[in-house]
Number of protein chains: 4
Amino acid sequence: MDEPKKRGRQRSTVAETAVLKATMELLEDRPLSSVTAEDIASKAGVSKATLYKWWPNKSRIALDAFLAQMAEDVPIPDTGSARLDFLGQLKSAIRFYTSPRGRVLSQFIAEGRNDPELLKAFQERFQEPRRKAVRVSWERGVARGELRADIDAGTVIDLLFGPIVYRLMTEHGPLNDAAAEMLVEAVFSGITVKK
Amino acid sequence: MDEPKKRGRQRSTVAETAVLKATMELLEDRPLSSVTAEDIASKAGVSKATLYKWWPNKSRIALDAFLAQMAEDVPIPDTGSARLDFLGQLKSAIRFYTSPRGRVLSQFIAEGRNDPELLKAFQERFQEPRRKAVRVSWERGVARGELRADIDAGTVIDLLFGPIVYRLMTEHGPLNDAAAEMLVEAVFSGITVKK
Amino acid sequence: MDEPKKRGRQRSTVAETAVLKATMELLEDRPLSSVTAEDIASKAGVSKATLYKWWPNKSRIALDAFLAQMAEDVPIPDTGSARLDFLGQLKSAIRFYTSPRGRVLSQFIAEGRNDPELLKAFQERFQEPRRKAVRVSWERGVARGELRADIDAGTVIDLLFGPIVYRLMTEHGPLNDAAAEMLVEAVFSGITVKK
Amino acid sequence: MDEPKKRGRQRSTVAETAVLKATMELLEDRPLSSVTAEDIASKAGVSKATLYKWWPNKSRIALDAFLAQMAEDVPIPDTGSARLDFLGQLKSAIRFYTSPRGRVLSQFIAEGRNDPELLKAFQERFQEPRRKAVRVSWERGVARGELRADIDAGTVIDLLFGPIVYRLMTEHGPLNDAAAEMLVEAVFSGITVKK
DNA sequence: ATTTAAGCGAGACGGTACGTCTGGTCTTTAT
DNA sequence: ATAAAGACCAGACGTACCGTCTCGCTTAAAT
């Protein structure tokens with residue numbers, strides 16, 4: 001590789017890892033707003049200066065911590081049936097969103113309201129890869145002639161994931177396998193009565 | 001009436017109105033997190049003590065300010081067609097969400113992550129009445145035989161409004177009349193190819 | 001008196017007194033540079049915000065603390081003999097400078113090197129009153145015909161107090177009654193051999 | 001020569017000189033407290049580690065920088081008149097103290113309040129040689145019968161230099177040739193009226 | 001008419017987190 | 001071995017905002 005191998009002390013991977021790990025553990029316990037930079041620093045055994053040397057603020061540390069423990073690449077199911085593919089994706093999304101680690105996600109969406117940079121980073125590094133995976137399933141279904149070519153992928157993705165995100169944020173409805181199944185059924189068949 | 005007419009100086013409606021008005025004006029400019037209690041107090045010509053006498057915290061002032069300027073009751077369209085009813089409701093929701101005043105709404109959902117009380121109040125006083133209006137349309141459609149009786153109203157409401165809230169929170173897709181039409185089309189007809 | 005009695009909560013004299021007292025106690029133990037604002041706040045049972053509301057920085061708190069425990073007005077001895085007056089003033093200055101509280105004084109002169117505002121305040125509020133008292137003694141001596149009218153008071157004051165301040169700052173010589181007597185003898189009689 | 005020529009890279013005299021020069025230039029501009037170790041390192045083109053390898057702390061670098069640019073040995077005037085000798089020494093001291101480089105001196109006295117080691121080093125390496133030179137003049141004057149043998153040299157030195165140091169530290173009076181002359185006149189003749 | 005129980009504006013206060021800064025140490029690679 | 005680069009820790013700094021509190025004034029029902 002063409003790494004020029006910088007002079008001087010190298011960035012401590014130990015410190016970075018410790019920070020991300022400590023942050024994630026704290027976030028599983030309590031909301032980002034109640035985790036302080038000092039909490040992170042002391043739990044990670046790192047100085048606050050180091051935190052602010054590498055990250056612009058607390059939220060970005062949290063985002064990195066969150067992403068670091070996510071699988072690198074998003075699996076794309078291929079059952080041969082678009083419906084089953086989507087159902088699988090929905091169910092696994094729901095399972096993750098409702099896990100201790102996944103709950104953190106709603107914090108980023110919330111924090112994104114006050115921090116456009118964070119929102120952008122979150123979109124690029126978390127949302128986009130996942131939306132892309134769904135898009136692939138969609139295109140396969142269209143290619144197979146199962147799905148309507150006249151609807152755009154973005155609309156469909158939001159149709160499936162919007163309700164889930166909505167429930168994640170406001171907790172007004174169930175988030176479980178049954179919910180996934182109902183959504184998929186409605187989206188696939190439509191809500192109207194067929195003659 | 002059964003007002004015992006309390007002794008002493010009465011609560012100043014002038015002050016309350018001024019607070020709600022000032023708050024709303026501030027919220028149209030910048031996010032709740034950057035509006036301070038002092039900002040509100042000084043803009044309203046009111047003391048901070050008065051604020052905290054009547055509201056438990058800043059967010060609840062904001063919520064009251066937001067609700068105060070909303071129409072008392074939610075109109076329920078009745079065109080005779082469930083599809084047109086929903087389309088109208090969606091479009092008007094989108095128009096509101098994207099207005100200066102409507103944008104504030106996302107702040108409450110965000111703030112709700114750290115403040116369960118606020119979330120609850122927001123749900124009861126804002127969400128529920130609107131969801132109820134949609135539910136009425138749904139039931140009319142079912143009664144008319146247009147819509148499937150085997151899908152529950154909650155699922156359908158989230159199917160229509162989830163994508164919009166999702167886009168409101170993360171700004172990843174368009175929020176306009178066209179989006180409303182695409183959503184309604186997909187939800188009504190389903191996404192599969194009919195033979 | 002015509003104090004219009006300001007509206008709102010009055011400045012807490014309790015807090016102010018506590019701050020000054022705590023600060024002075026800390027300063028008797030260790031140098032200003034090692035006393036932190038937080039030390040003062042916590043020892044005084046006051047918040048850091050209150051500190052910075054009333055004082056621009058730590059040094060000014062220290063100066064106020066120092067001055068608060070000094071006698072309001074400087075006594076001017078009047079023995080009828082300029083020599084005895086000066087000797088008394090010198091001895092009591094030395095006694096104070098070498099006391100735990102007096103040692104703090106050198107901190108202000110030192111800190112004054114980095115903080116012109118502090119130096120100015122220190123001069124006006126501590127030095128000037130004391131120099132004035134000596135000046136009065138000087139003028140009495142001149143009026144009585146004991147002391148030379150052709151030397152200016154400033155020079156004489158510095159001749160008496162310069163050596164003491166010098167020793168206070170660099171600790172290179174004794175600071176006691178004997179030193180005061182030697183200084184006075186030399187200054188009064190001159191250092192040359194009289195025929 | 002018999003230097004065993006140690007293995008490895010030799011201590012860079014270039015680096016040392018650069019550090020001292022850079023430090024002195026910085027100190028002529030602004031107080032020691034606002035010159036950071038990093039300022040010195042970067043201006044000297046040297047790493048901070050090198051600084052702390054050769055000097056225990058910032059103040060000691062400054063002291064070395066200050067002393068490096070002073071004449072090695074202090075001239076001892078010998079006009080045959082103690083009064084003229086002292087006057088010359090006083091004037092040249094004042095001229096130096098008020099020069100850009102000389103002003104730095106007050107920083108060491110100030111810093112000495114928090115750093116006894118520094119004070120000690122400053123005394124030994126700067127003060128003592130200068131005091132010794134004055135002491136020699138004093139002894140010559142005593143030997144010639146001009147000056148009183150019953151006053152100790154330390155007292156006289158402080159009588160002459162104390163006022164100057166005092167004015168250097170608190171800037172309350174003039175520091176110039178005229179001041180030197182007034183001091184010498186007062187110290188030599190005494191402040192009392194002779195019959 | 002007088003009391004008395006609020007309500008209110010002004011603004012001080014304690015608490016607590018923020019993000020910045022500097023001093024001084026340590027690690028890595030280059031000389 | 002010594003240097004330059006630069007990451008690192010410790011911990012103080014001064015600022016900001018929250019929500020509470022105290023003060024003295026005003027208002028209006030109850031006496």
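What's counted below: heavy atoms across the whole structure, side chains too, no hydrogens, waters or symmetry copies. Lettering of chains follows the sequences in order, A, B, ..., and the numbering in each one begins at 1.
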[X] has an atom [atom1]; how far is it from atom [atom2] of [N], in whole Å?
X: Asp39(D); N: dC21(E); atom1: CG; atom2: P; result: 13 Å
X: Arg60(A); N: dG19(E); atom1: CZ; atom2: P; result: 13 Å
X: Asn114(C); N: dC13(F); atom1: CG; atom2: C1'; result: 15 Å
X: Asp115(C); N: dC13(F); atom1: CG; atom2: P; result: 14 Å
X: Trp55(B); N: dG7(E); atom1: CH2; atom2: C1'; result: 13 Å
X: Arg30(A); N: dA17(E); atom1: CZ; atom2: P; result: 9 Å
X: Leu118(D); N: dG23(E); atom1: CG; atom2: P; result: 15 Å
X: Glu38(C); N: dC18(E); atom1: CD; atom2: P; result: 14 Å

Please examine the side chains of [Y] and [X], heavy atoms only from C-beta on, and report whether any two atoms are closer than 4.5 Å.
X: Met169(A); Y: Leu119(B); result: no
X: Ser34(D); Y: Asn114(C); result: no
X: Gln127(D); Y: Phe122(D); result: yes

Can any side-chain N or O of Thr50(C) pair as donor or acceptor with the backbone N or O of Val46(C) at less than 3.5 Å? no
Separation of Lys48(B) NZ from Ser42(B) OG (nearest 0.5 Å): 11.0 Å
What distance separates Arg113(C) CZ from Gln107(D) CD, expressed to the nearest 0.5 Å? 7.0 Å
Starting at the 5' end of DNA chain E and moving along, which residue's nearest nucleotide shows up first, Thr13(B) or Asn57(D)? Thr13(B)
side-chain hydrogen bond (donor to acceptor under 3.5 Å, both in side chains) partners for Lys21(C), two or more places apart: Glu25(C)
Not counting sequence neighbours, which residues clear side-chain hydrogen bond (donor to acceptor under 3.5 Å, both in side chains) with Thr36(C)? List them please. Asp39(C)
Under 6.0 Å between ring centres, would you say that holds for Phe108(A) and Phe126(A)? no
Numerically ordered, the residues 44-52 of chain C set in heavy-atom contact under 4.0 Å with DNA chain F is Lys48(C), Ala49(C), Tyr52(C)
Quick note, salt bridge (charged side-chain N to carboxylate O under 4.0 Å, His left out) partners involving residues 50-66 of chain C, not counting sequence neighbours, are Asp64(C)-Arg125(C)
For nucleotides 2-6 of chain E, tabulate all protein N/O to nucleotide N/O atom pairs closer than 3.5 Å, reporting atom names and distance.
{"residue": "dT4(E)", "atom": "O4'", "partner": "Arg7(B)", "partner atom": "NH2", "Å": "3.3"}
{"residue": "dT4(E)", "atom": "O2", "partner": "Arg7(B)", "partner atom": "NH2", "Å": "3.3"}

So, OP1 or OP2 of dC18(E): does either fall under 4.0 Å of a side-chain N or O from Lys58(A)? yes
Identify the heavy atoms of Leu20(A) and Ala68(A) that sit nearest to each other, and give their distance. CD1-CB, 3.9 Å
Ordered by number, residues from residues 14-25 of chain B within less than 4.0 Å of DNA chain E (heavy atoms) are none
